[in-house]
Number of protein chains: 2
Amino acid sequence: MAKSQNTTRIQQRNRAIILDAALDVFSQNGFRGSTVDQIAKAAGLSKPNLLYYYPTKESIFKAVLSDLLDTWLDPLRAMDHDGEPIEEIQAYVARKIEMSRDFPRESRLFAHEIIQGAPRMLETLSTELKDLVDEKTLVIERWMNEGKLNRIHSRHLIFSIWSLTQHYADFEVQVRTLMGDEDPYDAAPAFLETLYHRLLTPTG
Amino acid sequence: MAKSQNTTRIQQRNRAIILDAALDVFSQNGFRGSTVDQIAKAAGLSKPNLLYYYPTKESIFKAVLSDLLDTWLDPLRAMDHDGEPIEEIQAYVARKIEMSRDFPRESRLFAHEIIQGAPRMLETLSTELKDLVDEKTLVIERWMNEGKLNRIHSRHLIFSIWSLTQHYADFEVQVRTLMGDEDPYDAAPAFLETLYHRLLTPTG
DNA sequence: CAGTTATTTGACCAGATGGTCAAACTGACG
DNA sequence: CGTCAGTTTGACCATCTGGTCAAATAACTG
């Protein structure tokens with residue numbers, strides 16, 4: 001009996017299709033700029049059918065967002081407090097630039113949301129993200145105290161990593177327009193490596 | 001006779017009020033997320049009155065955009081090819097972070113537009129902005145050839161300045177949430193100065 | 001196959017939104 | 001004060017949009 005399982009096979013398939021279509025649409029147009037019809041069309045479903053799976057536009061958006069958040073924060077979580085400081089940070093930067101290249105939609109969705117004041121994410125920012133950043137900030141500061149890293153403002157360091165990497169996804173049109181044929185992702189990793197090498201290496 | 005001047009006093013006043021109100025609204029909600037009513041209310045005018053000055057929502061948006069562009073590009077234009085390279089770039093960075101602090105609405109408006117693929121700005125990006133960036137790129141590369149700057153990818157350098165500075169305006173909510181009481185703009189200028197000092201100083 | 005549950009859809013609705021228009025009002029100028 | 005260009009507005013319209021609903025269809029179970 002289908003009743004016993006709370007999600008059926010069809011449900012699972014369609015929810016996945018919907019979330020992917022919604023990510024497409026929302027990341028391009030933002031929440032208000034997107035319509036339920038657009039998402040339905042992108043998912044290959046009728047509007048009422050879409051609303052059968054997610055009762056409101058808002059609920060689709062929230063589902064996409066919470067679906068993404070873990071993936072998005074994974075690179076920072078993976079920064080190992082037992083590792084070699086500069087290597088750990090460089091690895092984090094490298095993972096972040098890969099994510100911008102491979103998941104630009106995700107990056108843009110967050111960008112949209114935060115630019116507008118994060119009306120649907122403030123809660124998450126001030127709890128989950130803040131806790132994570134606080135934790136990693138302490139790690140970085142310990143590394144600095146141990147003389148393994150040049151002493152700089154740890155939070156601004158984290159912001160710098162976010163901004164430098166996500167810029168390539170969020171402002172992709174601009175970057176590509178100004179770089180012509182050259183693929184931004186060809187040189188970006190090396191550029192960032194140089195930058196953080198010079199910024200983080202302790203002065204002898 | 002009023003007819004001889006193509007813009008009257010009232011027109012000048014109201015157009016200015018409208019553009020400011022529109023900047024407020026558009027920078028918060030993006031183009032599609034903003035309504036003509038919102039702008040009219042913010043400007044203290046009735047909707048038909050607003051549309052008397054700018055016949056469509058699109059025309060208001062374009063007016064705001066072109067009004068802003070020059071101001072926005074001024075700091076880069078001011079980079080003097082005859083100056084001391086590191087000083088010139090540091091001065092550019094300093095001006096940019098000041099602009100993020102003092103004109104966050106402008107920064108967010110551009111961010112909105114570009115994230116969405118710059119549908120109303122591509123033309124400008126690929127002409128006016130590209131020309132300016134091409135020109136300044138050449139200057140930077142000359143400086144590198146002269147040994148005055150560490151050799152790095154000049155376009156990525158420019159992108160880094162944009163992303164690092166505009167991040168504080170565009171993602172202000174996030175930055176403030178994660179920094180608590182501390183004002184981001186207290187430490188940001190020094191952080192950026194350190195970063196670019198280390199990045200740009202030629203290796204002895 | 002029959003019954004039951006899950007899925008899908010066309011038709012529809014109420015409110016929001018961009019934009020129009022004729023009429024009313026204002027202010028500068030002779 | 002009268003005139004007339006310039007300004008303002010209430011009422012209105014067509015379209016878009018989020019969401020509903022009853023009815024039809026498909027899928028699964030026994």
Closest to the side chain of A/T35, out of D/dA27, D/dT17, C/dA6, is D/dT17
Between C/dT20, D/dG18, D/dT20, which nucleotide has the shortest distance from any of its atoms to the side chain of B/P48? C/dT20
For a quick test of reading the model: is some side-chain N or O of B/N14 closer than 4.0 Å to OP1 or OP2 of D/dT8? yes
Is the distance from OP1 or OP2 of D/dT20 to the nearest side-chain N or O of A/Y52 less than 4.0 Å? no
According to a strict under-4.0 Å criterion, is A/R32 in side-chain N/O contact with OP1 or OP2 of C/dT17? yes
Quick one about A/S107 and A/Y168 (side-chain donor to acceptor, distance below 3.5 Å, no hydrogens or angles considered), yes or no? no
When the distance from CG of A/L50 to P of D/dG19 is rounded to whole Å, what number comes out? 11 Å
B/S46 side chain: which of D/dT9, D/dG19, C/dG18 is closest? D/dT9
Using whole Å, report how far CD1 of A/I10 lies from C1' of C/dT5. 11 Å
Is the closest side-chain donor-acceptor distance between A/H153 and A/E141 under 3.5 Å? no
Find the distance A/N49:CG to D/dA24:P and express it as a whole number of Å. 18 Å
Looking only at side-chain N and O atoms, does B/Q11 come under 4.0 Å of OP1 or OP2 in D/dT7? yes
Under a plain distance cut-off of 3.5 Å, with no hydrogens placed, do A/S100 and A/Q166 share a side-chain donor-acceptor pair? no
Between B/R9 and C/dA28, is there a side-chain N or O to OP1/OP2 distance below 4.0 Å? yes
From the list D/dG6, C/dA6, C/dT9, which nucleotide is the closest neighbour of the side chain of A/T8? C/dA6
From CG of B/N29 over to C1' of C/dA16, roughly how many Å is that when rounded to an integer? 15 Å
Which whole-number value in Å describes the distance from B/R15 CZ to D/dT7 C1'? 12 Å
Nearest to the side chain of A/K57, heavy atoms from C-beta on, is which of D/dG18, D/dC28, C/dT9? D/dG18
